[in-house]
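Only one structure is covered here, and it is reproduced in the block below.
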Number of protein chains: 2
Amino acid sequence: MEQDSSAAYLRARSLPGQRVTPQRLLLLGLIRRAQGHVDADEIYRRARERNPHISLSTVYRALRLFKKMGLVEELHFNEEHHHYEVKPPSQHYHMVCMECGKVIEFLSPLIGRIVEEVNREYDFTVTGGEVSLVGYCQECRSQETRTEAKLDE
Amino acid sequence: MEQDSSAAYLRARSLPGQRVTPQRLLLLGLIRRAQGHVDADEIYRRARERNPHISLSTVYRALRLFKKMGLVEELHFNEEHHHYEVKPPSQHYHMVCMECGKVIEFLSPLIGRIVEEVNREYDFTVTGGEVSLVGYCQECRSQETRTEAKLDE
DNA sequence: AGGCAATTGCGAATCATTAGCAATCGTGAA
DNA sequence: TTCACGATTGCTAATGATTCGCAATTGCCT
């Protein structure tokens with residue numbers, strides 16, 4: 001089952017000395033099966049359903065490790081906290097609705113072209129990246145109940 | 001002088017009831033003249049040189065206001081804190097070197113094409129966005145002293 | 001000039017994330 | 001298979017960035 005395949009997966013890309021623990025297996029499994037991006041707290045919440053004693057520190061440590069191992073990608077939306085997703089579920093990018101917060105994923109061959117261009121023009125070796133567009137989705141655009149929030153209120 | 005032009009600039013786009021204060025003028029002036037992106041702490045440091053009593057809260061409040069007014073753009077790099085820059089100094093994007101942290105700005109007409117594509121394909125009205133590529137710059141790529149930092153060390 | 005609401009400064013609060021440390025548990029060698 | 005050592009965990013406390021609460025100021029409209 002998935003636990004096993006994660007174990008092999010993890011072990012295969014571990015650096016020497018790195019251990020495969022049940023916590024890491026659980027967390028990686030959760031992120032893998034979480035169709036899309038999740039934040040640390042969501043992962044923590046789901047992990048506790050399976051292992052009520054798991055610690056938030058462990059979640060953060062695992063995320064940091066997975067990121068360093070290249071297994072997951074850290075995303076920076078408009079918010080104060082980060083989101084994570086397995087990498088690469090094919091290179092895709094995000095579009096966030098400023099009204100309802102919905103995140104739509106998209107992909108475009110043009111992005112590969114941009115990366116090439118940057119590599120060439122600026123002599124920079126691009127290893128990853130993020131494209132986050134913001135705007136309004138169709139639903140939110142149609143309802144004119146766009147209550148403009150004042151700053152201090 | 002710049003103070004005055006900023007005053008006119010600010011007043012012109014203020015909502016009714018919004019005030020033009022010396023603090024806001026100072027802060028906006030600093031961001032405008034800060035060729036490129038700066039973070040809140042850097043702005044605070046520079047602002048104190050001119051007004052030692054200015055408060056960090058005021059800096060954050062002004063940034064939030066300027067962002068809401070559309071005067072500055074908030075950038076999310078790999079870090080825990082945000083960066084800001086005046087908007088739009090022409091639509092451009094960023095490339096961060098993972099080794100030395102240098103940020104290179106670039107622009108590409110392809111990005112406009114992506115936005116159009118997204119608008120069309122997903123019925124999403126894009127109002128802004130961010131493209132952050134990461135990789136290694138030429139200098140860091142050449143020095144093979146790429147000391148790989150272990151996670152816990 | 002005068003008054004009221006917007007803004008400031010300060011300190012404390014909050015939120016996400018990280019660090020310290022003793023107890024535990026994978027794992028490679030015997 | 002067992003052992004021992006070091007990697008990892010789970011606490012809890014610390015940190016760093018950002019926001020809040022509130023009394024004191026101060027733009028700005030009349």
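So you know, we letter chains A, B, ... as the sequences are listed, proteins then strands, and number each from 1.
With sequence neighbours left out, E130(B) forms a side-chain contact (heavy atoms from CB on, under 4.5 Å) with L75(B), H76(B), S132(B).
Remark: H81(B) is not in phosphate contact with dT18(D), judged by side-chain N or O atoms under 4.0 Å from OP1 or OP2. Considering only side-chain N and O atoms, Y60(A) lies nowhere under 4.0 angstrom from the phosphate OP1 or OP2 of dT18(C). Proximity of T58(B) to the phosphate of dG9(C): a side-chain N or O atom is located under 4.0 Å from OP1 or OP2. In this structure, Q23(B) reaches the dG9(C) phosphate: one of its side-chain N or O atoms is under 4.0 Å from OP1 or OP2. Considering only side-chain N and O atoms, R61(B) lies nowhere under 4.0 angstrom from the phosphate OP1 or OP2 of dA6(C). Residue S55(A) places no side-chain N or O under 4.0 Å from the OP1 or OP2 atom of dT9(D).
Axis angle across the helix from dA1(C)-dT30(D) to dA30(C)-dT1(D), with five pairs used at each end and values rounded to 10°: 40°.
Summarising the geometry, the separation between NE2 on H83(B) and P on dT18(D) is reported as 9 Å, rounded to the nearest angstrom. To the nearest angstrom, P of dA16(C) lies 14 Å from CD1 of I43(A). Distance H82(A) NE2 to dA16(C) P: 11 Å, rounded to the nearest Å.
No continuous path of ILVMFWY side-chain contacts below 4.5 Å connects F77(A) to V131(A), so the two sit in separate hydrophobic clusters. Clustering ILVMFWY residues whenever any of their side-chain heavy atoms sit less than 4.5 angstrom apart, transitively, puts M69(B) in the very cluster that holds I43(B).
Base contact: L56(B) has a heavy atom under 4.0 Å from a base atom. In this structure, T21(B) reaches the sugar-phosphate backbone alone: every heavy-atom distance under 4.0 Å involves primed, P, OP1 or OP2 atoms, never a base.
Side-chain proximity of R19(B) to the nucleotides dT18(D), dG9(C), dT7(C) is greatest for dT7(C). Ranking dT18(C), dG10(D), dT9(D) by closeness to the R24(A) side chain, first place goes to dT9(D). Residue Q18(A) places its side chain closer to dT8(D) than to any other of dG9(C), dA19(C), dT8(D).
A donor atom on one side chain and an acceptor atom on the other are not found under 3.5 Å apart for T58(B) and Q23(B).
Under 4.0 Å is where a charged nitrogen must lie from a carboxylate oxygen, and between E42(A) and R46(A) at least one such pair does.
With D39(B) as the partner, the side chain to side chain donor-acceptor pair (under 3.5 Å) test is satisfied by one option alone out of H81(B), R45(B), H82(B): H81(B).
Nearer to the 5' terminus of DNA chain D, by closest-nucleotide assignment, is the contact made by H53(A) (compared with the other of D41(B) and H53(A)).
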